[in-house]
Amino acid sequence: MQVYGLVGNPVGHSLSPPMHEAAYEELGVDARYVTFEPEPSALADAISGADALGIAGLNVTIPFKQDVLELVDPDPLAERIGAVNTVVFDDGAEDSTPKEDSTPKGYNTDAAGVTRAFERHGVELDGGDAVVVGAGGAGRAAAFALADAGASVHIANRTAEKAEELAGVVPGATGGGLDSLDRIRDASVLVNATSVGMEAPDETPVPAEYLHGDLAVLDAVYTPIETRLLREAADAGAVTIDGAWMLLLQGVEAFELWTGLDAPVEVMNDALRDHLTA
Ligand code: NAP
């Protein structure tokens, strides 16, 4: 049996176990997905311990996504983003025997979660004009993902310096404060990568007057599943993509990295949405 898991603190309400275990069941993969909550100071021990125990792969979440970068061999995208959310210990091989001198590989599948969510909704990113609101972990992943997919990216963040700093490393990007959100008027793609709207359905990071019918809007927030931003975007005639799509598709990418199999996306989506509304 293979063991996969999630390392974070806290991880109590994670939706990843039911999503991944539904995929194992569907494909007959002999595996379990469990959550681990190490103390922040114990991350290095947790990663080497997981390796020694023959754990096949880990997702990594807050507060460890940046620190784990130093403990793995990151792929170039994860290195540019500066965060790893997926660790592969054995390159997905069936053989769970620990190998000597095998530094675990690190990936950032949040980026693929963003691009695959737009693709899934028929949104063309190449040549598009994107605005990313937020310059934290999700904002960094979104900005690199959209730029690599061929969009021009503007990053707007409450702390303008963080957006400007990020824009300095994302190809062709510009950055500014929230006063630059009026760029949305001419944009084709919008990502909310702030936590605004999470658990507070009456909050939105974007004034409704900037939303329009030629826009596709992805909200990374998935609790609640229908945020005020998405409601107002739908009212303006925009394509709307909820945060569960990003969550699903980063998980799909991780599943495929770990197992080498095509993920049963619909089954994983159903399991995720069942638990989101439960
Ligand atoms: P993070 O690194 O802590 O970044 C938080 C971002 O939100 C920063 O840009 C911060 O701006 C901004 N922000 C916070 N409060 C704000 C406010 N009141 N007004 C304006 N901006 C505010 O967090 P993260 O990991 O990027 O996560 C951000 C959101 O994305 C969370 O809701 C998280 O659940 C979601 N997420 C979803 C997925 C998914 O798969 N769907 C994946 C990752 C994250 P400052 O820099 O000015 O503080």
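As the structure lists them, so they are numbered: ligands from 1, and atoms in each ligand from 1. Heavy atoms only: backbone and side chains are in, while hydrogens, waters and symmetry mates are out. Residues take their numbers from the sequence shown, with the count starting at 1. Just so we're clear, the structure is a prediction, and the values are computed from it rather than from any experiment.
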Salt bridge present between Lys65 and Asp110 (N-O < 4.0 angstrom): yes
Check the hydrophobic clustering (I, L, V, M, F, W, Y; side-chain heavy atoms under 4.5 Å; chains of links allowed) and say if Leu229 and Met246 are grouped together. no
Take atom 9 (O) of ligand 1 and look for protein heavy atoms under 4.0 Å from it; say yes if you find one, no if not. yes
Where does the angle between the aromatic ring planes of Tyr33 and His20 fall among parallel (under 30°), tilted (30 to 60°) and perpendicular (over 60°)? parallel
Which part of Lys162 is near ligand 1, with near meaning a heavy atom under 4.0 Å away: side chain, backbone, both or neither? side chain
Could you list which atoms of ligand 1 come closer than 4.0 Å to a heavy atom of Gly243? 41 (N)
Are any of the N/O atoms on Gly139, whether in the backbone or the side chain, positioned under 3.5 angstrom from an N/O atom of ligand 1? no
For atom 14 (C) of ligand 1, the closest protein heavy atom turns out to be Ser195 OG, 3.5 Å
Backbone, side chain, both or neither: what part of Thr194 comes under 4.0 angstrom of ligand 1, heavy atoms only? both
My question is simple, although I want it checked carefully: is atom 3 (O) of ligand 1 less than 4.0 angstrom from any protein heavy atom? no
Once you restrict to heavy atoms under 4.0 Å, what part of Ala220 touches ligand 1? Side chain, backbone, both or neither. both
Specify whether the nearest protein heavy atom to atom 42 (C) of ligand 1 is under 4.0 angstrom away. yes
Leu218 and Val221: same hydrophobic cluster, using ILVMFWY side-chain contacts below 4.5 Å? no
Salt bridge flag under 4.0 Å for residues Lys105 and Glu79: no
Against heavy atoms of Gly134, which atoms of ligand 1 measure under 4.0 Å? 9 (O)
Within-cut-off N or O pair, Val196 and ligand 1, under 3.5 Å: no
In this structure, would Tyr210 and Val196 fall into the same cluster of hydrophobic residues linked by side-chain contacts under 4.5 Å? no
Distance-only N or O hit between ligand 1 and Asp110, under 3.5 Å: no
With a 4.0 Å heavy-atom cut-off (strictly under), which part of Asn157 contacts ligand 1: side chain, backbone, both or neither? side chain
If the cut-off is 4.0 Å to any non-hydrogen atom of Leu247, which atoms of ligand 1 fall inside it? 39 (C), 40 (O), 41 (N)
Set out, in order, the CA-CA distance, both residues' side-chain angles and the distance that settles side chain to side chain donor-acceptor pair (under 3.5 Å) for Tyr4 and Asn59, then state yes or no. CA-CA 8 Å; Tyr4 300 96; Asn59 283 137; over 6 Å; no
At under 4.0 Å between heavy atoms, which part of Ala244 makes contact with ligand 1: side chain, backbone, both or neither? neither
Closest heavy-atom pair, Val252 versus Arg116, reported as atoms and distance to 0.1 Å, is CG1-NH2, 3.3 Å
Under 4.0 Å from atom 33 (C) of ligand 1, do we find at least one protein heavy atom? no
Write out the residue and atom name of the closest protein heavy atom to atom 23 (O) of ligand 1, then the distance separating them to 0.1 Å. Gly137 N, 4.5 Å
I'd like to know if Asp219 and Arg231 make a salt bridge, using a cut-off of under 4.0 Å between side-chain N and carboxylate O. no
Should the heavy atoms of other residues, nucleotides or ligands under 6.0 Å from CD of Glu37 be counted, would the total exceed 12? yes
Can you tell me the protein heavy atom closest to atom 28 (C) of ligand 1 and the distance? Ala193 O, 3.5 Å
Just need the protein heavy atom nearest to atom 47 (O) of ligand 1, so name the residue and atom and give the distance. Thr159 OG1, 2.5 Å
Numbering as shown, the atoms of ligand 1 that approach Met198 to under 4.0 Å (heavy-atom distance): 32 (O), 34 (O)
Relative to the heavy atoms of Val221, which atoms of ligand 1 are at a distance of less than 4.0 Å? 32 (O)
Find out if a path of hydrophobic residues (ILVMFWY) with successive side-chain heavy-atom gaps under 4.5 Å connects Met198 to Val114. no
What distance separates Ile81 CD1 from Gln66 CD, expressed to the nearest 0.5 Å? 11.0 Å
Is there a heavy atom of Ala135 sitting under 4.0 angstrom from any atom of ligand 1? yes
One pair to check against side chain to side chain contact (heavy atoms under 4.5 Å, CB included): Thr61 and Leu6. What are the steps and the verdict? CA-CA 7 Å; Thr61 189; Leu6 172 66; 3.8 Å; yes
Can you tell me the protein heavy atom closest to atom 15 (N) of ligand 1 and the distance? Arg158 NH1, 3.5 Å
State, yes or no, whether a side-chain contact exists between Leu181 and Pro207 at a heavy-atom distance under 4.5 Å. yes
Is the shortest distance from a heavy atom of Gly113 to ligand 1 less than 4.0 Å? no
Other residues, nucleotides and ligands only: do more than 12 of their heavy atoms fall within 6.0 Å of CD on Glu209? yes
Can an N or O of Ala138 be found at a distance shorter than 3.5 Å from an N or O of ligand 1? yes
